[in-house]
Amino acid sequence: MPTVELDEETIERLDALRVEDESYDELVRELINIYEASEYTMFHAGD
């Protein structure tokens, strides 16, 4: 599994977004899903 190194500022921003005991993996997965959904919506908006 790949690893990613984050600077302190990024960790602080992720901490601000985390809900209760949500793991970083769960949070990043959710952010990727949101990004992909918005990209999909933008792509199909012209149809």
Subject >> Hydrophobic cluster of Tyr35, others only, ordered by chain and residue number, side-chain cut-off 4.5 Å >> reply: none
Original post:
Is the side chain of Glu36 donor-acceptor paired with the backbone N or O of Asn33 at a distance under 3.5 Å, no angle test?
Top reply: no
**OP:** Heavy atoms only: give me the nearest Leu27-Leu14 pair and the separation to one decimal.
**Re:** CD2-O, 3.3 Å
Side-chain donor-acceptor distances from residues 3-12 under 3.5 Å, at least two apart:
unit_1	atom_1	unit_2	atom_2	d
Asp7	OD1	Glu9	N	3.3
Asp7	OD1	Thr10	N	2.8
Asp7	OD1	Thr10	OG1	2.8

Original post:
Counting heavy atoms not belonging to Arg13, are there more than 12 under 6.0 Å from its CZ?
Top reply: no
Original post:
Hydrophobic cluster mates of Val19, side-chain heavy atoms under 4.5 angstrom, ILVMFWY only, any path?
Top reply: none
Original post:
Looking at side-chain heavy atoms only, is the closest gap between Asp15 and Tyr24 below 4.5 Å?
Top reply: yes
**OP:** Go through the structure and list residues passing side-chain contact (heavy atoms from CB on, under 4.5 Å) with Glu30, not counting sequence neighbours.
**Re:** Glu22, Ile34
**OP:** List for me each residue that meets side chain to side chain donor-acceptor pair (under 3.5 Å) alongside Arg29, sequence neighbours excluded, and say none if there are none.
**Re:** none
